[in-house]
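Along the sequence shown, residues are numbered consecutively beginning with 1. What you are looking at is a predicted structure, and each value in this text was computed from that prediction instead of being measured. The analysis underlying the following values was restricted to heavy atoms, covering all of them including side chains, and did not include hydrogens, waters or symmetry mates.
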Amino acid sequence: SRILAMNYTEISQAIKKLRKAKQITQAQLAEIAGVSRITINKLENNKFTDISILNLIRILDRLGYQLEFKEQSQLPVFEEVLEIFTNSDH
């Protein structure tokens with residue numbers, strides 16, 4: 001089973017997009033989140049090898065977001081799709 005709903009590249013792009021939407025620099029985000037600018041830069045450019053959950057939570061919090069867990073949605077198998085179409089009025 002997959003633990004992350006987003007891959008690292010998607011997380012990196014999302015963090016960068018959120019920061020730019022807030023119109024703050026990497027240095028400003030780093031300062032208010034209590035991490036180094038290098039950490040923000042590596043995170044945004046998908047060059048990080050490890051980031052603590054605490055640091056990720058701090059960064060997201062300063063951007064006005066939170067880390068959330070949700071159950072993964074499962075794609076239907078062929079038989080389920082077929083059943084949907086055969087039981088519909090279309």
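Residue pairs satisfying the salt bridge (Lys or Arg N to Asp or Glu O under 4.0 Å) criterion with at least one member in residues 20-34, sequence neighbours excluded, are absent.
Using a 4.5 Å cut-off on side-chain heavy atoms (C-beta onward), I15 and L60 make contact. Side chains of I51 and V35 form no contact here, defined as non-hydrogen atoms less than 4.5 Å apart.
Under the 4.5 Å side-chain heavy-atom criterion for Ile, Leu, Val, Met, Phe, Trp and Tyr, L54 and L56 are members of distinct hydrophobic clusters.
By the side-chain hydrogen bond (donor to acceptor under 3.5 Å, both in side chains) test, D61 pairs with no residue at all, sequence neighbours left out. Listed by chain and residue number, Q26, R37, N45 satisfy the side chain to side chain contact (heavy atoms under 4.5 Å, CB included) test with N41 (two or more places apart in sequence, or in another chain). With sequence neighbours excluded, the residues forming a side chain to side chain contact (heavy atoms under 4.5 Å, CB included) with I38 are S36, K42, listed by chain and number. With sequence neighbours excluded, the residues forming a side-chain hydrogen bond (donor to acceptor under 3.5 Å, both in side chains) with Q28 are T25, listed by chain and number. Applying the salt bridge (charged side-chain N to carboxylate O under 4.0 Å, His left out) rule to R19 yields the partners E44; only residues at least two apart in sequence or on another chain are considered.
Separating the CG atom in L29 from the CG atom in L18 is a distance of 9.5 Å, to the nearest 0.5 Å. To the nearest 0.5 Å, atom CG of residue N46 and atom CD of residue E10 are 10.5 Å apart. Here the CG atom belonging to N55 is positioned 8.5 Å from the CD1 atom belonging to I40, to the nearest 0.5 angstrom.
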